[in-house]
There are 2 protein chains.
Amino acid sequence: MTEWIDRFPGLVALHAPVRDRLVASARVIEVPADTVIFGPGRPPENLLLLLDGQVRVQQIAENGREIVLYRVHSGESCVLTTACLLAFEDYTAEGIAETDLRAVAIPRASFDEAMSTSPEFRRFVFAAYSKRITDLFLTVEEIAFGRVDSRLAHKLLELAGDRAVVPVTHGNLAAELGTAREVISRQMAEFQRRLWVEQKRGQVTIIDRPALEAFARANPI
Amino acid sequence: MTEWIDRFPGLVALHAPVRDRLVASARVIEVPADTVIFGPGRPPENLLLLLDGQVRVQQIAENGREIVLYRVHSGESCVLTTACLLAFEDYTAEGIAETDLRAVAIPRASFDEAMSTSPEFRRFVFAAYSKRITDLFLTVEEIAFGRVDSRLAHKLLELAGDRAVVPVTHGNLAAELGTAREVISRQMAEFQRRLWVEQKRGQVTIIDRPALEAFARANPI
DNA sequence: ATCCATCGGTGACAAGATCACTGAACCGGC
DNA sequence: GCCGGTTCAGTGATCTTGTCACCGATGGAT
């Protein structure tokens, strides 16, 4: 059961001593869905490597409005928190378990030691940073310049994965896109009128995926 | 002339050997204004620590629209590029010298070595990351939820510093805020009507700073 | 002086945000 | 079952912002 490390392609290149020390100090933890993992006042204690489940990282404004910044999926790490973890600065964002999680928790000291001793570990960490940062830049571009209908179509397909039923409220979707609930309601009504989706309270069902995908393709970003 | 290192508070704590090796491998470079320092196709070669001048980092969409992500000021480092620097991923953003620059260039190998040997250097790097990332999160929030008039007022004051004359075009300001030039034109016309600013081609002069500041204070973010 | 690129202004209209409600759906407890 | 509270969704009115299509002004450069 120490072979969680094979789930992270960037870590398989670690040399044996580094790998062993990391495995020895890490603990596999389980976290129930909807737990706030870190946030203002709850600084992250560990570097988390997600084995199962996903984490939603969102920014919350003073007026209570929310915007989803990014998600961490299984096989990825909550790496942006490490900056704050090591710099002792506090995050304005919060991380929430969207599902039950199984994750590897690497304590601050072990993280620091691995950063010190292993070029491969540094590569792993910086590659994760790099991905997150370029993603964030694209998010900024999308919010600034993208159209709501196009972004909503993409987001629905993303949230659906290969399933048809997406368990989200209009309010959730508004937070995903950084817009207002009413805007989502009107846009979803239009998608429904076109018979692309059906709606129930707290749930959207994609009933014409090809059409939705065609629309998404025709309206990139 | 090796005492550039004292310009970076986070680096004064470096132990002598680390410090000396860093100083030995680094070169002070000068870059003329408007140089593209890194960008798609021009991956960053070095970690830059800015001694004088400032760098604008912006994202460019396919349709040509731009949005300013953040600025690096003197005494700061282009640290987000290090992720891409070490991960060999390419950036979708570009960095432009807004003024003539004087900067310390730390080669990739020296950066990696310092990360390896010095906890203090790691702290320096992660603290810089932390600041940038939390700033980016605030930028996202601002773009998603902020009003243009308020954001424009803040941006004008920020760009002005303690001077009254700000050499920007309406197009520049639009890119700063991720909005359209026409929107800036109309909003600036309103500020002018209120006698807060005067305008010339490519230049804005703040003529009633107290009023502009009061407006900015009354409309946070 | 003339040419030309850039910059700024404007009207009309579309899209999105906000406000103020309303009713519907769901979830507990009784 | 029924009730009551809460969350969710729908809608009209209104304001702000974004887009499109233009035009004229400005300030170099030759």
Side-chain angles (χ1 to χ4, degrees), chain A residues 34 61-67 140-156 159 165-194 197-205 215 218-221, chain B residues 34 61-67 140-156 159 165-194 197-205 215 218-221:
Chain A
D34 300 323
E62 308 76 38
N63 55 27
R65 289 190 63 173
E66 302 173 6
I67 182 164
V140 169
E141 181 181 322
E142 193 179 306
I143 294 175
F145 304 137
R147 294 177 52 89
V148 166
D149 53 2
S150 145
R151 297 206 293 137
L152 179 56
H154 281 96
K155 184 58 73 176
L156 280 174
L159 293 175
V165 176
V166 189
V168 283
T169 67
H170 291 182
N172 296 150
L173 289 166
E176 294 284 344
L177 303 184
T179 181
R181 182 192 56 79
E182 297 92 321
V183 175
I184 299 292
S185 286
R186 284 190 258 260
Q187 198 58 60
M188 286 300 297
E190 175 62 19
F191 284 4
Q192 188 174 39
R193 197 191 61 70
R194 297 182 195 170
V197 300
E198 275 173 356
Q199 302 187 70
K200 289 201 331 194
R201 179 190 175 86
Q203 176 178 308
V204 178
T205 307
F215 178 77
N219 300 79
I221 290 198
Chain B
D34 300 323
E62 307 75 41
N63 54 28
R65 290 190 63 174
E66 302 174 6
I67 182 164
V140 170
E141 181 181 321
E142 191 178 314
I143 294 174
F145 303 137
R147 294 178 52 91
V148 166
D149 53 1
S150 145
R151 297 206 293 137
L152 178 56
H154 282 97
K155 184 57 74 176
L156 281 174
L159 293 174
V165 177
V166 189
V168 284
T169 68
H170 290 183
N172 296 150
L173 289 167
E176 294 283 345
L177 303 184
T179 181
R181 182 191 56 78
E182 298 92 319
V183 175
I184 299 291
S185 287
R186 283 189 264 262
Q187 199 58 59
M188 287 300 297
E190 175 62 19
F191 283 4
Q192 188 173 41
R193 199 191 60 70
R194 296 182 196 170
V197 300
E198 274 173 357
Q199 301 188 70
K200 288 201 330 193
R201 181 189 176 87
Q203 177 179 308
V204 178
T205 307
F215 178 77
N219 300 78
I221 291 194

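Chain letters run A, B, ... following the sequence lines, proteins first, then strands; residues in each count from 1.
- Here the CG atom belonging to A:Leu152 is positioned 10.5 Å from the CD atom belonging to A:Glu176, to the nearest 0.5 angstrom.
- Distance, A:Glu198 CD to D:dA9 P: 15 Å, rounded to whole Å.
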Study note, to complete from the structure: 5' to 3', nucleotides 16-21 of chain D under a 4.0 Å protein heavy-atom cut-off (B base, S sugar-phosphate only, - none) gives SSBBBB
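- The structure places CZ of A:Arg151 at 8.5 Å from CD1 of A:Ile184, a figure rounded to the nearest 0.5 Å.
- Between B:Ile67 and B:Ile143 there is a side-chain heavy-atom pair separated by less than 4.5 Å.
- Among all heavy-atom pairs drawn from B:Phe191 and B:Asp149, the shortest one is CZ-O, 3.6 Å.
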Practice item. Walk me through it: do B:Thr205 and B:Lys200 pass the test side-chain contact (heavy atoms from CB on, under 4.5 Å)? Key: CA-CA 8 Å; B:Thr205 307; B:Lys200 288 201 330 193; over 6 Å; no
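- Between A:Ser185 and the phosphate of D:dG10, there is a side-chain N or O to OP1/OP2 separation shorter than 4.0 Å.
- Annotation: the terminal axes of the helix from C:dA1-D:dT30 to C:dC30-D:dG1 meet at 30°, where each axis is the rotation carrying the C1' atoms of four end pairs onto the next four (5 pairs per end, rounded to 10°).
- Mapping heavy-atom proximity under 4.0 Å, the span of DNA chain C touched by chain A runs 5' to 3' from C:dA15 to C:dC26.
- Just one of A:Gln192, A:Arg193, A:Gln187 meets the side chain to side chain donor-acceptor pair (under 3.5 Å) condition when paired with A:Glu190; it is A:Arg193.
- In terms of the salt bridge (charged side-chain N to carboxylate O under 4.0 Å, His left out) criterion, B:Arg186 has no residue partners (sequence neighbours excluded).
- Atoms CD (A:Glu190) and P (D:dG10) sit 13 Å apart, rounded to a whole Å.
- Under the rule for a side-chain contact (heavy atoms from CB on, under 4.5 Å), the partners of A:Thr169 that lie at least two apart in sequence or sit in another chain are A:Asn172.
- Residues meeting the side-chain contact (heavy atoms from CB on, under 4.5 Å) test with A:Ala180, sequence neighbours left out: A:Arg65, A:Glu182, A:Val183.
- Side-chain contact between B:Met188 and B:Leu156: present, with at least one pair of heavy atoms (C-beta onward) separated by less than 4.5 Å.
- One interatomic measurement links the two molecules: CZ of A:Arg201 to P of D:dG10, which rounds to 11 Å at whole-angstrom precision.
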